[in-house]
**Q** 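Got a structure here, written out as C-alpha cells. Questions coming.
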Amino acid sequence: MIVERRKTDSRRPLRQTLLLALVLMLLSEGSAQAYIGPGAGFAVGSTVVAFFLAFLSGLAAIFLWPIRWALRSFRGRRAMARARVKRFVILGLDGMEPTLAEKFMAEGKMPNLSRLKDEGSYNKLGTTAPPLSPVAWSSFLTGCNPGKHNIFDFLTRDKRNYLPLLSSVSIGDVSRKLKIGKYEIPMGKPNIRLLRKGKPFWNVLGEHGIFSNIIRVPITFPPERFRGVLLSAMCVPDLRGSQGTFSYYSTRSADSAEHIGGEQIHVERQGDVVKSYLIGPDNTMKKDAGSMKCPFEVRITGPGEGVLKVGGETIRLRKGEYTPWVNVTFKAGLGIKVQGICEFLLQSTEPEFELYVTPIQIDPNKPAMPVSHPSVFATYLSKNQGRFATLGLAEDTWGLNATLLGDDDFLHQCNEADAEREVMFFDALEKVRRGLCVCVFDGTDRVQHMFWRYIDAEHPAHSGQAEEQHRDAIEQLYVRMDDLVGRTMKKCEGNGTVLMVISDHGFNSFRRGIDLNVWLEENGYLKLKPDGLGKKYLAGVDWSQTKAYCLGLAGIWLNIKGRESQGIVEPSEADALRDEICDKLTGLRDEEKGEMAISRAFNSHKIYRGPYKGESQDIIVGYNKGYRVSWEAAIGQQTDKLFHDNTKAWSGDHCIDPKLVPGVLFCNRKIRAENPRLMDLGPTVLDMFGVDVPKIMDGQSVGVSDADGSFSSNGHSTNGKNAPTEAVGAS
Amino acid sequence: MSTINWLLLSGGDAALWLLDCALDMFLWLFATVDVVLAPVLTPLLGVLNPIATFLGDAVYAVLDPAPVWVGLAVISVVAGVVMLFAFKVTSNQKAIAKTKDSIKANLLALKLYRDELHVTFIAQWRLLKSILKLQWYMLKPVIILGLPMLIGIAQMGIRYQWRALKPNEAAQIKLVVDSQEEVLPPIELQAGDAFEVEAGPVPGGGEVWWLIRATEPGKHSLTFLVGGETVEKQLVVGEGLDRVSAERVRDRWPLQLLHPVERPIPSDSLVASIEVFYPGRESWFHGADYWILSFFVISMLAALVFAPVFKVRF
C-alpha cells in the first residue's frame, strides 16, 4: 500500500505546476506566457536571455573597465599624454561652395556657421586635382596626394580592353564553388578588394588606442579593420553590384528602354492589376540562370492609389509618395536568399501606369556584402533607427537626369538620406566622448549637382523650368545644413571637443560639355574607325593610330606601348607628349560663347608623387567655370562636336580647375594655416591627439589652437610640402 | 569585522523584508483578481469545459490508431502553429518588432562601445525599459490566449498525466469534507460491481480515505452518501488512452480549469472534493509530468520553424 501511495504522488507535481502557473498568470503575464503558446513563450525566453546578456555584459563592462582603461592608457600612453583634445568631430558637407556659404552668411541666413566663423575660424580649403569626391576624400582620409592613394577619378580603364572600371573597388566572384548537379554552391565570400591605397588616419589613431566612429566617408568600401566603427559610403554597390540601377515600370511604351543608371520595364495592366518583378543580382548558384527575380503586384484601387504586394508584405501606394524601405528577398535556390531594400514611388495610374523603384540596396540589417566595420555595426544602426540607404550614391541623380523622377521626388531622396545620416551622427556624438567622430552628408553635393540650373540664369537647362518652385532649393539646403551645424555645435560644447565643418570641394555651373575625344581627333591624337562615330566605351577608336583618348571625368590617357594593350606611344616619348597636349589644351577657347573653356591642364607625372602616379590619367584637365567634360566623352562615346550644351538636370559640377572650387573649413578654434588643404586634416587630427604624423603623409597639421586660444602645437608651417602648390596634386 | 557583519545582517534583513513585501503583494493581487474573475469565469468554465472535453474526445478519437507519442507530437506541432498564428493576430507586431530591435541595438551598443562606460549604463537602462515595454505588449495576447491554452492543456493533462486503473489494480480514494464540525457526518461509499472496497473508510483531519480494487473495465461511478447527501465520482478502469478525472472539485474556476471532466460539486455541498489516486502514465516522452515538457519543446520548435513563414515577431 505504501508503494502504491508513492506512485500516486506523481500527480502532485503537475497539479502544483498548473496551479502555480495559474496563480502567476494572474500576477504576472510574463511568467504565464509559457502557458499561452510558443510565440509568447519565445518572447519571454528572449527577453530573459536579453536581460541576462545585458546584465552579464554590464557587469563585465563595469568590472573590466578599469583593466581596459589601464590597457588603453598603457597602449596609447604617449599619444594620450600629448593629446590636446578629448574628442575631434568632423562634419563633412560634401561640395559646400564657399562663395554660396559666404553669401548666405552675409545675408544672415546661416547664423550658426557665422558664429562658428566668428568664434573660431573660417578658411577656404584646398582640394585635390582633380576636385572629385573620391579623389578628395581619399586624400582627406590618407593625408596623401593621389599618387599615394591611387584614386584619380570615379573610373579608370582596363588596360587590356580600354573598358571603364570602377577605380576604388573590385568586386570579383567567389573563387571556389562546389558543384552539385545544376547548382554551384559558393565556398566562400565574393572577392571584394579596396583599390584605394594608403592608411586612413583613423587607423593610425586606433593603433594608439584611440576610438573612431566614421560614418559615410567616401571610398571606405570594403571597410577595413581598425579600432572603431565605420559605415561605408561612396562605391558601396547596390544588390546587383552596380553603382545604382533604378527601375521604372510603365505601360506607356511597348518596348523596354535602357537609361544611364537604370532601366525602363514595360508592363501590362490587366483590369486593375499590374504584375511584374524586381530584378536582383545574378544567380551565381546556377549556371546561366541570369538575374534573380522577385515578383510583385500592384492592385490599382483608385485614381493615384494602389496596393503593392511584394514578398508577403502589403503596402499602400499613393501617387507622389514614397513607400518606406521595403524588404525584398531574392531566392537563389537550395534555401539561399539574398535580401535587399528599396522604395517604391507610384507616379501615375491613369492614363498610364508608372511606378519608380529605387536601386535595390544592400539591407543593412542582413548585409549581403560587408558595408561596415565591424559587420554588426550596420545591423546595430538598422536596429537602432530602422533601415537606411546603403548605396554609395544613394540619391538617384540618374533617375532625375532621365526625367523619370521629378525634382520633388529627388529632393525627397536627398532629404531622407540626410535625415537617416543625422540620426547616425547624433548617436555617434552621444556615444563617443573620447576619440574621433566623422560624418559626411552628401545632400549638399547631390542637390547642387541637380538644382544649379535654377540659380544660373545662363544655364541651358534654366529656361522653361519651374523656376519659382525650386529656385531656393540650394539656399534651403544650405540653411538646413546650417541648422545641422547649430545642433552639432550644441553637442560639442565644452573645451574638450574640436569641431570642424568641411567640404571636399566647391561647386560651379556646368553649362557646356567638352568632347575631348573630338579635340584629340581634330589635333591628330585620336583616330576613329570609319564607323566609329557614336559608339560607346571607345569601341569606335582605331587604336593602331591613336595616341591619346579621354575616358572618365578627370582627363586624358596616353596610349602607351607596353602599358595599354594596343599602345603606340613609346614610353620615352610620353612625357613630351603629355606636355605638348597640356600646352595645347591650356587656354582652349569656346569661340561660340567667347569664353575660355580650359584654364589649364596638368601633366599628372609632374603634379603627383608616389608609387601609384603611373596609374593616373596622363593629363588632368582643369576646366574653366561653366565647363566640364561632356557626357559623351566621359563614357568614351565619340560625337561630331567639340562643345555641347548641357541640357540635363545635372547642371552643377566641380570637376574643373581645382583653384576654382576650393572647399570650406570652419572650426570652433583658431587655425594657424593660411592655406589649409583637405589632406592636412588627417595630420591635424593626429597632431591634436598627440600622435606622430606618419612620414608618408603629405599633409601637415593646420595648427589648431588650444581651448584658451593659444597655439601650443608644432603643427602647421606654410612652407615646404604644405605649401598650396600644384606640385602635390592639391591646390 | 563587526561593521561588515552588521552590513551583511542588515542586508539580509532588508532582502527578506522585500521578499515578504513582494509575496504579500502577490497574494493581495491574486485575491483582487480572483474577486473580479470568479463571477465571470466560474459559470463560463461550466459551459466551456464540456465543449472542450467533447472536442478533445473527437481529436483523440482521430489520433487513436496512432501510437500515443505520435498523437502528442502532432498535437504539439498543431498547437504551436495555431498559437503562433493567434499570437500574430492578437499582438501588436509592429511595436514588438520595434522593441525587439531596440533590445538588439542596445545589446550591440554594449559590444561596439564597450570602452565608453556611460554607453554601458545608458544601454542597460534602455534595455530594461525595452524589456518592460515588451512585457507590456505581451499582455494583450496573454489575456486573449491564456484561457483557451489552459483549457487545451488541461484536456491533454487528463489523458497523459494519469492512466485508468487496470482490472485488479488498487487505488486510494480521498473525500474531503467541508465542515466546521469536529465530528464528521456519517460517510459511506456504496458498493459497486466494478470495484471492491479493501479498506476504509478511514477518517481523519476532515478527510476520509478508502482503498479500492478495480474489477471490471469501463467507466463507472463511485457513489458516496455524506450526511444524507449523495455525491458521485467517476472511476475509469481499462487500458489505452482513456481520459481520467482524478478529482471532482467545487465550482471554483481555478479548480475547474484543472479538472474539467466532471461537473463541479455544488458550493452548498458538504463535500469539498473527491480524489481518486490513479497511477501516473509511465513514459519518458508522454508520461506523467514529461508530457508537458515534450509539449512545450515540440510546440516551441514548431513555432520557431513556422515563425518566418507567418512572419511573426516575438
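The figures that follow rest on heavy atoms only: side chains count, while hydrogens, waters and symmetry mates do not. All chains are named by letter (A, B, ...) in the order of the sequence lines, taking the proteins before the strands, and each is independently numbered beginning at 1.
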**Q** Taking the inter-plane angle between the rings of Phe226(A) and His373(A) on a 0 to 90° scale, is it parallel (under 30°), tilted (30 to 60°) or perpendicular (over 60°)?
**A** tilted

**Q** Ring pair (Phe, Tyr, Trp, His ring centres under 6.0 Å), that's the test. Do Trp202(A) and Phe88(A) meet it? Break it down for me.
**A** CA-CA 11 Å; Trp202(A) 45 77; Phe88(A) 207 115; over 10 Å; no

**Q** Does the distance from a Lys or Arg side-chain N to an Asp or Glu carboxylate O, for Asp115(B) and Arg434(A), drop under 4.0 Å?
**A** no

**Q** Pick one of side chain, backbone, both or neither for Ala86(B), based on which atoms fall under 4.5 Å of a heavy atom in chain A.
**A** neither

**Q** Measure distances from Phe85(B) to the heavy atoms of chain A and classify the residue's part below 4.5 Å as side chain, backbone, both or neither.
**A** neither

**Q** Please flag which part of Val229(A) lies under 4.5 Å from any non-hydrogen atom of chain B: side chain, backbone, both or neither.
**A** side chain

**Q** Where do Arg387(A) and Glu420(A) come nearest, in terms of heavy atoms and distance?
**A** O-OE2, 3.9 Å

**Q** With a 4.5 angstrom heavy-atom cut-off, could you sort out which part of Gln385(A) is near chain B: side chain, backbone, both or neither?
**A** neither

**Q** Go through the atoms of Asn365(A) and report whether side chain, backbone, both or neither lie under 4.5 Å from a heavy atom of chain B.
**A** neither

**Q** Is Phe377(A) in contact with chain B via its backbone, its side chain, both, or neither, using a 4.5 Å heavy-atom distance?
**A** both

**Q** Could you tell me whether the side chains of Trp125(B) and Asn106(B) share a donor-acceptor contact shorter than 3.5 Å?
**A** no

**Q** Check each atom of Ile96(B) against the heavy atoms of chain A and say whether the ones under 4.5 Å are side chain, backbone, both or neither.
**A** neither

**Q** Salt bridge (charged side-chain N to carboxylate O under 4.0 Å, His left out), that's the test. Do Lys174(B) and Glu275(B) meet it? Break it down for me.
**A** CA-CA 5 Å; Lys174(B) 180 179 80 175; Glu275(B) 193 173 356; 3.7 Å; yes

**Q** Measure distances from Lys111(B) to the heavy atoms of chain A and classify the residue's part below 4.5 Å as side chain, backbone, both or neither.
**A** side chain

